[in-house]
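Just so we're on the same page: letters track the sequence lines, and every chain starts at 1.
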Protein chains: 2
Amino acid sequence: MLKKTERLSLVEQVVIQIEQLIESGHWQIGDQLPAEMQLMKEFDVSRNTLREAIRALVHAGLLETKQGSGTVVKSSSAFGVALHRQVEKSSIMETLEVRLALEREAAQLAAIRRNDHDLEAMTESIQLCKLASEKGNVQEFLQADIIFHKAIVKASHNKMLERLYEHITEPLQSSIVEIMVADAYFNYSEEIHYELLEAIKQQDVQAAISYVNTYINDFREKIKRIQED
Amino acid sequence: MLKKTERLSLVEQVVIQIEQLIESGHWQIGDQLPAEMQLMKEFDVSRNTLREAIRALVHAGLLETKQGSGTVVKSSSAFGVALHRQVEKSSIMETLEVRLALEREAAQLAAIRRNDHDLEAMTESIQLCKLASEKGNVQEFLQADIIFHKAIVKASHNKMLERLYEHITEPLQSSIVEIMVADAYFNYSEEIHYELLEAIKQQDVQAAISYVNTYINDFREKIKRIQED
DNA sequence: TTTAGAAAAGTTGTAGGATGATTGGACTTA
DNA sequence: TAAGTCCAATCATCCTACAACTTTTCTAAA
């Protein structure tokens, strides 16, 4: 069977090049792209071709154009943007349930696969939680809390799980911070973090799952109570 | 605070209209779109504007253009395409782990929230599995099996979970069918399906989770064994 | 000097035309 | 009937022109 030739269109070639320039960090988030006229010369294509490429990336959420001003990098992950939009169309409770599913799986896998480096990262992030808690800074605590949970997910050594968790948590967090700060409700029991860490360290799968359930259920109750007020 | 004006560009307006025409089913998958010249008149925009809109949707994976032939609808969900691409970049094992996470959560929620209609749908799909199994048709069995699991996910009454499961399972299935059929390995123990259904019927959360674990672990072992050959 | 406003320069948005490349079907011919 | 040719339809790319908007620069008045 012959492989199909399938020549890429000029537009698609330019799209790929721009995507790579963003992904590689050559153009970072917030950076302004060169003007159309210059990009035309650099890619050696006509204005139409260039504009079609840019428009595709604008719709994908990687770029943003403003008439008269220019084009800036808005995101580095099309998948992240797609997931972000999906989360925004869903309720907080729905998203929390999905997050619980991922977190439970992550804890289980982490208990099996974690290495020393993973344990170290988790320990460090718990310190950050404790610090923020002592200062009474809600926003900072939630941020440190996310870092702890991301460390667990990373310890699962499943890249897909990691990406899903990352991009589902990100938009969810902003809603949560909003609610939490507005309510000024805040109490932190650090035991749960230590116990979860210990379970993963001891490779006790059942205990790890159990602590995640406890943690998320507490969290859910908290959110529900606040939302009902 | 005044609300921001933010006029949508013509291109974005056309994009939205086309997206809605696809989502509403007015243009179905496989359908051919009218030619550029006609769409220009219908949307009352210039050729450039129309082409930029179409190009954005081509890159999103909703449309596909072929020079000399025309433009056809390729998918109805940009989110599905994005997830599809992500799954393709991951290994089967990674994807199976994510699927397990979603399935476990779904079974748990289904055990709590299932209604009579959900139970009926699940029962019907088990019949299909049994039928295909008796015929010894691997492909048909796997298809019916997917329907059963989708019924569980639907019974969780969490739309986001449903969408995620749908679009992760779809590309995964084709790989699985390929492996299974090539290997000609096939044995079906129908007990597990009935037991899982019964647990959900009786709203026994723990039992439901347990059966899902059993099911997926069996499945994983099977895949692993085949891949190692 | 400061500052408000006008002018200019730069950038993206939209329009329309022209030509090339590819495809699929109609037509022709053996 | 079947193979090959031709033609019309369609998308791909390029070009020029002008409109709309933003930022910077310049100007003139307080």
Side-chain angles (χ1 to χ4, degrees), chain A residues 2-19 21-22 27-75 81, chain B residues 2-19 21-22 27-75 81:
Chain A
L2 299 172
K3 76 174 173 185
K4 52 183 169 184
T5 55
E6 186 181 328
R7 282 173 39 206
L8 283 176
S9 70
L10 274 184
V11 175
E12 208 56 37
Q13 288 180 46
V14 173
V15 166
I16 290 172
Q17 286 191 69
I18 295 178
E19 277 177 337
L21 282 168
I22 293 174
W27 288 336
Q28 304 210 338
I29 293 178
D31 283 2
Q32 177 135 5
L33 265 62
E36 285 178 352
M37 204 63 79
Q38 189 175 340
L39 288 175
M40 282 167 61
K41 292 182 206 154
E42 292 187 10
F43 289 121
D44 191 31
V45 294
S46 73
R47 183 152 180 240
N48 282 353
T49 302
L50 176 72
R51 280 185 58 83
E52 284 183 25
I54 287 178
R55 179 66 64 183
L57 293 173
V58 166
H59 186 254
L62 292 193
L63 299 179
E64 191 176 65
T65 59
K66 247 188 357 191
Q67 188 176 176
S69 174
T71 305
V72 299
V73 180
K74 201 72 192 302
S75 166
V81 173
Chain B
L2 298 172
K3 76 174 172 184
K4 53 183 170 185
T5 54
E6 185 180 330
R7 280 172 40 204
L8 282 176
S9 70
L10 274 183
V11 175
E12 207 57 36
Q13 289 179 45
V14 173
V15 166
I16 289 172
Q17 286 192 68
I18 295 178
E19 277 177 337
L21 283 168
I22 292 174
W27 288 337
Q28 303 209 340
I29 293 178
D31 283 1
Q32 177 135 6
L33 264 63
E36 284 179 352
M37 204 62 80
Q38 190 175 339
L39 287 176
M40 282 168 59
K41 291 182 205 153
E42 291 187 11
F43 288 121
D44 191 30
V45 294
S46 75
R47 177 184 217 81
N48 285 348
T49 301
L50 176 72
R51 281 186 58 81
E52 284 183 24
I54 286 178
R55 178 66 62 180
L57 293 172
V58 166
H59 187 254
L62 292 193
L63 300 179
E64 191 176 65
T65 59
K66 239 182 13 183
Q67 191 176 173
S69 174
T71 305
V72 299
V73 180
K74 202 72 192 302
S75 167
V81 174

Result for 5'-nearest mapping on DNA chain D, choosing between A:V45 and B:T71, is B:T71
The residue, B:R51 or A:S69, whose nearest nucleotide of DNA chain D is more 5′ is B:R51
**Pair of N/O donor and acceptor under 3.5 Å linking C:dG13 base with B:N48 side chain** = no
All heavy atoms of B:A56 vs all of B:V15, minimum pair found to be CB-CG2, 4.4 Å
Looking only at heavy atoms, the pair that brings A:V73 and A:L63 closest together is CA-CD2, 4.0 Å
Integer-rounded Å distance: [N] [atom2] and [X] [atom1]:
X     : N      : atom1 : atom2 : answer
B:E52 : D:dC11 : CD    : P     : 16 Å
A:I54 : C:dT11 : CD1   : P     : 13 Å
A:M37 : C:dT12 : CE    : P     : 9 Å
A:E36 : C:dT14 : CD    : P     : 11 Å
B:Q67 : C:dT19 : CD    : C1'   : 12 Å
A:Q32 : C:dG10 : CD    : P     : 15 Å
A:R55 : C:dT11 : CZ    : P     : 18 Å
B:L8  : C:dT14 : CG    : P     : 10 Å

By nearest-heavy-atom nucleotide on DNA chain C, the more 5' of A:K66 and B:R47 is A:K66
Using a cut-off of strictly less than 4.0 Å, decide whether [X] has a side-chain nitrogen or oxygen near OP1 or OP2 of [N].
X     : N      : answer
A:S46 : D:dC14 : yes
B:T65 : D:dA12 : yes
B:T49 : C:dA15 : yes

A:Q17 and A:Q13: side-chain donor and acceptor closer than 3.5 Å?
no
Handout entry: Pair A:E19-B:H59, side-chain donor/acceptor within less than 3.5 Å
Key = yes
*Heavy atoms from other residues, nucleotides or ligands near CG of A:D44 exceed 12 (cutoff 6.0 Å)*: no
